Q: 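One structure coming up, written as structure tokens, with questions to follow.
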Amino acid sequence: MFGSKIDLFNKEWLDVVFAKKNKSYGAYELRQTNAKNTTKSLLIASAIFILLFVGPKIYALIAGILPEPPPEKMIEVTMQPPPPINPEVKTPPPVEPPPPKQDQIKFPPPIVKPDNEVQDEEPPKLEDLKKADPGQKTIEGDPTADIVQIAPAGEGPKQAQVVEDNTVYNFVSMENPPNYPGGLDKFYKYLGDNIKYPPMAAENNIQGKVLVSFTVEKDGSLTDLKVERKLGYGTDEEAMRVLKLSKRWNPGMQNGKPVRVKYNIPISFNLAQ
């Protein structure tokens with residue numbers, strides 16, 4: 001067919017196609033260099049493929065030509081034999097313990113042995129045991145010697161470990177619950193004399209109770225102050241401020257010892273009519 005013989009990448013056809021068009025746009029130059037770029041790409045791809053295929057064989061050939069590295073040298077170390085034992089040097093005999101203060105007569109504990117190894121020995125008499133202590137062998141005592149007691153080393157006397165009771169008790173189940181000096185009436189009087197009504201609460205006519213909780217420590221101080229039920233408008237902060245300034249309480253007692261006790265107290269805020 002006529003159309004199959006047309007080479008659109010031929011320079012003459014390119015000039016016809018791009019006649020009266022912007023040849024500096026880029027497409028014109030790309031079509032001119034298309035054949036050259038295709039040939040270059042094929043050559044580069046073929047070279048890379050051949051190099052990957054033949055590379056390991058070339059490396060093996062070069063490795064066989066190169067000389068082998070010298071073998072590692074092994075250094076042999078000769079150990080000198082220990083010096084011979086001098087038979088003239090004798091081991092000193094074991095040191096005998098000092099003689100006991102009281103005479104000792106041989107009376108070892110019984111040991112089970114076969115019949116052929118049993119040696120008939122006369123046991124010590126009762127009169128001898130009254131004068132001497134039983135032992136592994138018969139030793140004459142030295143009345144001037146010190147008494148030596150051989151016993152395993154111990155850890156010494158142990159003191160009884162005192163376990164401190166840090167349990168926080170509920171004041172309802174206490175034998176002697178903590179109390180403010182002078183009683184709870186004195187405590188509420190202290191609150192009434194020291195609480196300053198917050199201006200924001202007064203302007204908004206806020207009245208009610210703030211429920212607070214605290215722990216009376218063993219020394220009577222107040223810790224863990226919390227607002228359990230809030231009223232707002234500055235009343236909660238004022239209640240906490242006055243509690244922190246409170247004097248020490250008398251601590252709660254359980255089994256005759258001071259303990260930590262948790263308290264819940266409502267603080268009322270009422271505007272005077």
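Computed from a predicted structure; not experimentally measured.
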Q: With rounding to the nearest 0.5 angstrom, report the CG to NZ distance, Asn194 to Lys196.
A: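 If I round to the nearest 0.5 Å, the distance is 9.0 Å.
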Q: Evaluate whether atom NZ of Lys218 has more than 12 neighbouring non-hydrogen atoms of other residues, nucleotides or ligands under 6.0 angstrom away.
A: yes
Q: Does the side chain of Phe269 reach to within under 4.5 Å of the side chain of Ile206, using non-hydrogen atoms?
A: no
Q: For a quick test of reading the model, state the closest non-hydrogen atom pair linking Tyr190 to Leu245 and the distance between them.
A: OH-C, 3.2 Å
Q: With Tyr188, which residues qualify under ring pair (Phe, Tyr, Trp, His ring centres under 6.0 Å), at least two apart?
A: none
Q: What distance separates Thr167 OG1 from Arg260 CZ, expressed to the nearest 0.5 Å?
A: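 Between Thr167 OG1 and Arg260 CZ, I get 9.0 Å after rounding to 0.5 Å.
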Q: Testing the basics here: between Gln207 and Leu271, what is the closest heavy-atom pair and its distance to 0.1 Å?
A: OE1-N, 3.0 Å
Q: For the CG atom of Asn170 and the CG atom of Asn264, what is their distance to the nearest 0.5 Å?
A: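 One finds 7.5 Å between CG of Asn170 and CG of Asn264.
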Q: Specify the closest pair of heavy atoms between Ala239 and Ile267, including all atoms of both residues, with the distance to one decimal.
A: CB-CD1, 3.9 Å
Q: Do Leu51 and Ile48 belong to the same hydrophobic cluster, where Ile, Leu, Val, Met, Phe, Trp and Tyr are linked whenever their side-chain heavy atoms lie under 4.5 Å apart, directly or via other members?
A: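 No; tracing contacts between hydrophobic side chains, which count when under 4.5 Å, never links both residues.
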Q: Check whether Val216 and Met253 end up in the same hydrophobic cluster, where Ile, Leu, Val, Met, Phe, Trp and Tyr are linked by side-chain heavy atoms less than 4.5 Å apart.
A: no
Q: Tell me whether Leu211 shares a hydrophobic cluster with Val261, the cluster being built from Ile, Leu, Val, Met, Phe, Trp, Tyr side chains joined at under 4.5 Å.
A: no
Q: Scan the side chains in residues 220-233 for donor-acceptor partners under 3.5 Å anywhere in the protein, sequence neighbours excluded, and list what turns up.
A:
{"from": "Ser221", "atom 1": "OG", "to": "Asp219", "atom 2": "OD1", "distance (Å)": "2.8"}
{"from": "Thr223", "atom 1": "OG1", "to": "Glu217", "atom 2": "OE2", "distance (Å)": "2.5"}
{"from": "Glu228", "atom 1": "OE2", "to": "Ser213", "atom 2": "OG", "distance (Å)": "2.6"}

Q: Would you say the side chain of Phe214 lies within less than 4.5 Å of the side chain of Lys244, judging by non-hydrogen atoms?
A: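 The answer is no; the side chains never approach within 4.5 Å.
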Q: Please check this pair: side chain of Glu238 against backbone of Pro198, looking for a donor-acceptor N/O pair closer than 3.5 Å.
A: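 Side chain of Glu238 to backbone of Pro198: no pair is present.
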Q: Measure across Asn250 and Pro181 and return the closest heavy-atom pair with its distance rounded to 0.1 Å.
A: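 What the structure gives for the nearest pair is ND2-CA, 4.1 Å.
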Q: Once ring pair (Phe, Tyr, Trp, His ring centres under 6.0 Å) is applied, do any residues pair with Phe187, and if so which ones, sequence neighbours excluded?
A: Tyr180, Trp249
Q: Kindly give the heavy-atom pair with the smallest separation between Gly208 and Asn270, and that separation in Å.
A: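 Smallest interatomic distance, heavy atoms only, reads N-OD1, 4.5 Å.
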Q: Quick one: which residue pairs count as a salt bridge (Lys or Arg N to Asp or Glu O under 4.0 Å) with a foot in residues 175-189, not counting sequence neighbours?
A: Lys189-Asp193
Q: Please round to the nearest 0.5 Å and tell me the distance separating atom CG of Leu191 and atom CG of Leu243.
A: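 Reported value, rounded in 0.5 Å steps: 6.5 Å.
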Q: Pair Asn179, Leu184 - check side chain to side chain contact (heavy atoms under 4.5 Å, CB included), show working.
A: CA-CA 7 Å; Asn179 202 352; Leu184 284 180; 4.1 Å; yes
Q: Considering only residues two or more places apart or on different chains, which pairs with a residue in residues 40-49 satisfy side-chain hydrogen bond (donor to acceptor under 3.5 Å, both in side chains)?
A: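 Residue pairs with at least one partner in residues 40-49: there are none.
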Q: Who passes side-chain hydrogen bond (donor to acceptor under 3.5 Å, both in side chains) against Tyr263, sequence neighbours left out?
A: none
Q: Under 4.5 Å between side-chain heavy atoms, counting indirect links through other Ile/Leu/Val/Met/Phe/Trp/Tyr residues: same cluster for Leu43 and Phe53 or not?
A: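 Hydrophobic grouping puts Leu43 apart from Phe53.
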Q: Identify whether Ile58 and Ile50 are in the same connected component of the hydrophobic contact network (ILVMFWY, side-chain heavy atoms under 4.5 Å).
A: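 Shared cluster, yes.
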